[in-house]
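A short worksheet on the structure shown next.
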Amino acid sequence: MTSFPLLVAQAESAEFWQTFLQYALIGLTNGALFALIALGYTMVYGIIELINFAHGEVFMLGAFLALTLVLHVMKLDEATPVGLWVGIGLLLLIVPLFCAVINVSIDWLVYKPLRQAPKLAPLVSAIGVSFVLMNVGLLWGGAADVHFPDFVSRHNLLGEDAALSFTYKDLMVVLITVPIMIALTLFVQTTRMGKAMRATAQDPVAAQLMGIHVDRVIGVTFALGGALAGAAAVIYSLYINTVSYQMGFTNGLYAFTAAVLGGIGNIPGAVLGGLVIGLARSFGSGYVGERWTSALVFVILIAILVFRPSGLLGARTREKV
Amino acid sequence: MTPTAKRMPVWPLYLGVLVVYPLLVYPERALAGLTEISVGRQLTYIFIYAILALGLNVVVGYTGLLHLGIAAFFGIGAYITGILTVSAYPFQTGFLVALVASTIGAAVFGMLLGAPTLRLRGDYVAIVTLGFGEVTRFTLRNLEEITAGTRGLNPVPPPQLPGFVETPLSWLGIGADWSLDYRLFYYLALGVLVAVIWLLANVERSRLGRAWVAIREDELAATCMGINAARVKLSAFAIGCGLAGLAGCLYATTLTSTAGPDAFDFNRSMIMLCCVILGGLGSIRGTLLGVFLLVGFDNVVAPVLDGLIQAAQINTSGNRFLTFSNWKLMIFGLALVLMVRFRPEGLLPSAQIEAELGHERKSHRPAEAPA
Amino acid sequence: MPPLLAVEDLHAGYGPIEVLHGISLEVRPGEIVALIGANGAGKTSTLLVISGCLPVRQGRIALEGEPIERLAAHEIVRRGICQSPEGRKIFPRLSVLENLQMGAFTRRDRAGIQHDLDHAFELFPILAERRGQAGGTLSGGEQQMLAVARALMGKPKLLLLDEPSLGLAPMVAMKIFEAIRKLNQEGMSILLVEQAARMALMLAERGYVMETGRITMSDRAETLLGDERVQDAYLGE
Amino acid sequence: MSLLDLDKVTVRFGGLTAVDQLDCSVDERQIFSVIGPNGAGKTTVFNAITGIYHPSGGSIAFDGRPLRRPLTWRLIALAAVVGVCTGVAAGLLAIDVNALWRATIKRNYLGPDAPFSYRAAWRDAAGYVRGDLALAPVRGGRWAVRTADDRRTLGYGDARQEAEQLRDRQQQLVDAAAGAQVVAQDDRWQLVADDGQRVLETFDNEADAQATRAQYTAIAAAPVARRRDALIAALLGLVIGSAGTWAVWHRARRSPEVISRAGIARTFQNIRLFQDMTVLDNVLTAMDRHLSGSVVQMALRTPAMRRREAEARAHAGKLLEFVGLAHRETALAKNLPYGDQRRLEIARALATEPKLILLDEPAAGMNPTESSQLNGLIERIRQRGLTVMLIEHHMKVVMGISDRIAVLDYGVKIAEGTPDEVRANPAVIEAYLGSEEVH
């Protein structure tokens, strides 16, 4: 009699671990995408303590640019594989550049005049900019969801009948996001500009006294954040295949949540937060139900903030009296 | 100081116009030629949104907590009213009970949301409230059996009028049939709005109102003066969200439906926030002005312009660039950006500040001086 | 010879409050000038204005005869004024080495930077030991040395030191002052803000006394040291 | 007797020790000054006393007892209530509140004309949790027999009675299915309950019998699993809710508000007034805890409320007069000159009716006339029966009025005594003017 439940448990566990791994895999892939967007939030916050609400909308505009380029400029299709890959490569150059330019322009036009203003002012402006950009997206792509051509195959790399599924699409996400994150880390850790960014984030006045052109550093931060959002937009479009003017809000919200979860202003924190959100979403939809994933994500956020008010990797700040 | 105290107050004039307006037949008829929109009917909604915005003003304006999910509480109020009154459910408590239950229910949810945000820094409050707003919307959509999913609960029955109210109304030529005559809802909303303004103005001048502002101005100093920040913030959440619930109840009753969960999305919260900021944070008059301008623009001007464009047959092909409503967000957004840039204190900053400054521009707070 | 730094009738403040009501002072090449005064007198603000971190409301600042009062902070560093700010303001999550590299941010000459880095480590050997450690984990004295060394990395014509002995044990403060003397002997001009007035005045050639946003006395350091009024300001006698 | 006792108080930030093992005791109605060079840790001491920083070591006692928010039954009750609320919410969601609603409300409410029985609804709610089969009205006046969660329909009955019989039969099957066995009997297969006697159902082939057994076993197992999930969710919710309440309380245990209510008030080195409030409101705000009245009274502005407000205003006016700001009542705090702002901070601190007042550099930024007036003000504060603790750099102020002086240097107390003792102390002179031996 004693062996019976044990047997059942083992039989269950093989299947259990398989689905568990599958969810984990999906979660990490999606999480990498969120992390890419979250980095933009966190970098800007780290340096000027502003929640750049418009960041999600920059991401959305990037996706629309990718769509327009694919459909009307490059006229890509699957029939010419070489052209297709070159085209996607070009997308990964043009779209980030475009998003970087938008992000920097927003900073110059809207946020820069408000640097000395009370904290609420730039935040409200950011919300305003996000409205404007959302409207641009609405006029650009219309109110309905738009299909993005499905270029990347869903072929399972582990074999068609393998229990786990890891498709070309998943591989693409990993192949693009991981090098980007490594490059970003190297940039921030080793280059002159990267160090200037970190220095400015830690103490802007001291950074000025070192001869760092703080406004330029902020500009570079916005450019980098925008470029990351642009790259994320391309990957997202190729991965999810649906583009809409509201995607900036929903994905931005998850990404921002990821940034807060990891401790806003903290670059590794954003990546960690992105992965946690990705995992929470995929496990949530697997074990709790698709409909409750978003609720679950925010419940996790609130629970973490109650116990760790500055996020997972955030430093506790000491009030200056 | 300017002799503001001696000036005649102008609010009775505005109130008088609003009370008399529905009794005059002409204005609605004159507009009828231009548009299908009844200004009186839209004014009712504006009154309701004004209550909502005043609730938000308590949290954001007085207490300085950036609440980005006020629409959720509007929705909670509407749905509590719906559940308690629609004929599809056995409760059918009637309007007054629903009104009280919506207000208290939303206030309780507000405290539940407020509690975990008590120790958080400003930006974190923003994300938590924003998240809560979205969770509420998804929950309303997901609890299909209770909330009828995306369809919303309807019909929400109109309030029952006691006889002594009905008689004078009929003398004024107002029918007692709620479904035919918007004016009953109009006076109901106006009455509640005036009551809310009066109560809020009283609270503003009381111990609690001062504690709210003190928390906004300098939380640390306020706690060092013995103010229980947690309790004060929770009270702001409770009162602000309770007012939102009250507005939600009126909304559902006036619309005769709870509308779907998507009526209570982030955009609604943001438009309310825009109203408060445009008018002047922490100022009742400013908030009212903000609501009249922005919601009036959204509910009256935009559809009228769309109607005109259609009537003029400019946009026969359905080009999305030529539909005025498709530019609304842009206008809201630009209004916010320009407002913050050029008049950060709002159109009508709180009376105190204005009295003190005259018409001088408010300068930014000084940076912390080094020791 | 024109003074290295000339400040004339300088007004500045925060928001509605003006804290400097017309400061005039000068630093000649190769000298140490001490700026002393009570808390809140405006010493730190004066240095911040010179460095371009606080806007000038009225008045002139000239470096070697050229006006610099309208320049941005990073431009002023480029022209050769480096500051070790009050409260050290080192970058807490950058390593000691990175902090020093930040000090040399405006420079491109690798060899020169390396030379100055070696020199800084020579001056403060403890920093060489801790070069890989994050700045925030250093002790107070080490942080102060790092702040001074970091300012030196910009190879300034004029070094502004704001309270280098703040919060330090006398032994440590002494080390810092010795380093300052050494730097001056190598030819660097220094404007020193200090509360430890005697120490500062013994180091300096000339001194200025500040009170509530104004310069109330200026003289040779020895004269000030002997002045009763200076002692007054410190021990109330 | 001593009012405030610091015992080996240590404050560390990261690796830096700002205050090291400070012992200090302040007697009642004393003026006690803390002096020392900049960065010596004086303000940190004030912050540790007023609960802004938590000392890393040592203890602070006021009036003979440590200042902490007491652990009251109210907190325990609150944690329990919050825990139960989150637990119930999580449990409801896990057990599927949607289906529960359908089972209790919709099933028992047939329209405005039919009466609604709350007792039936309650019974059905319990039935849903137990996993009982239920009857649901369907179109054409017929009744369906369904599982508790409405996922599966097991049969229909034309009349209610007929359906009830069907339901009871099915319920038996469900209850017995797990232990039932399939037994071959005369070319047919019977499902026999585990007592081996009762025949539950008869089938034509074995496969059907086995399938039915499996089906009913699954139906019986579903509510068990759901109850287990709900229980886990409810327990999780309970733990998170009450632990969260505890965590929030724990962090606020020594919050400034607790200290202020115990009778310690303070001013700040960098003036921290409520800038956009009027002078009068600044003072009234600090009187908060002495004003009573509920939200309803405030909202309705009852006559009692008005009377209390008027009294408070009069009292605040007196305090403003006391510090010499009576004529500026309606000005905004930020528009006051620097010296007035400092005095307003003192009035605000006095309004909390403290026993001990901490003044952090009250003379900073004041001109000589103002700072000599300040001496008089501090003296008059003492005459009101208060104890004063003072951080000051203006030696005229300190030496003129202090009863005792403690000297801090790099976080350590290097001297304590009367002004004359301190002035003569060589360690103090060294800390202030620096050592003579620079060479």
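To find a chain, count down the sequence lines: A is the first, B the second, and so on, and within it residues start at 1. Remember, predicted model here, so these are calculated numbers, not experimental data.
- Within the 4.5 angstrom heavy-atom criterion, only backbone atoms of C:Arg107 (N, CA, C, O) approach chain A.
- Scanning residues 198-206 of chain A against chain C with a 4.5 Å heavy-atom cutoff picks out A:Arg198, A:Ala199, A:Gln202, A:Asp203, A:Val205, A:Ala206, ordered by number.
- Contacts of C:Gln83 with chain A are made by both backbone and side-chain atoms, with heavy-atom separations under 4.5 Å.
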Checking side chain to side chain contact (heavy atoms under 4.5 Å, CB included) for the pair A:Arg192/C:Arg108: CA distance, chi angles, key distance, verdict? CA-CA 11 Å; A:Arg192 199 172 112 91; C:Arg108 297 282 188 177; 3.3 Å; yes
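- Interatomic distance, C:Phe91 CZ to A:Met210 CE, rounded to the nearest 0.5 Å: 5.5 Å.
- Taken from OG in C:Ser51 to CD in A:Gln208, the straight-line distance is 9.5 Å, to the nearest 0.5 Å.
- Between C:Phe105 atom CZ and A:His213 atom NE2 the span is 10.5 Å, to the nearest 0.5 Å.
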Give the C-alpha distance, both sets of side-chain angles, the deciding distance and a yes or no for side chain to side chain contact (heavy atoms under 4.5 Å, CB included) between A:Leu209 and C:Cys82. CA-CA 7 Å; A:Leu209 290 174; C:Cys82 289; over 6 Å; no
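- Per-residue counts of heavy-atom pairs under 4.5 Å with chain A were compared for C:Arg78, C:Gln101, C:Arg150; the largest is that of C:Arg150.
- Under a cut-off of 6.0 angstrom, the local environment of CZ in A:Arg216 is sparse, with at most 12 non-hydrogen atoms contributed by other residues, nucleotides or ligands.
- By the 4.5 Å heavy-atom criterion applied to side chains, A:Ile212 and C:Met102 are counted as neighbours.
- Scanning residues 35-59 of chain A against chain C with a 4.5 Å heavy-atom cutoff picks out nothing at all.
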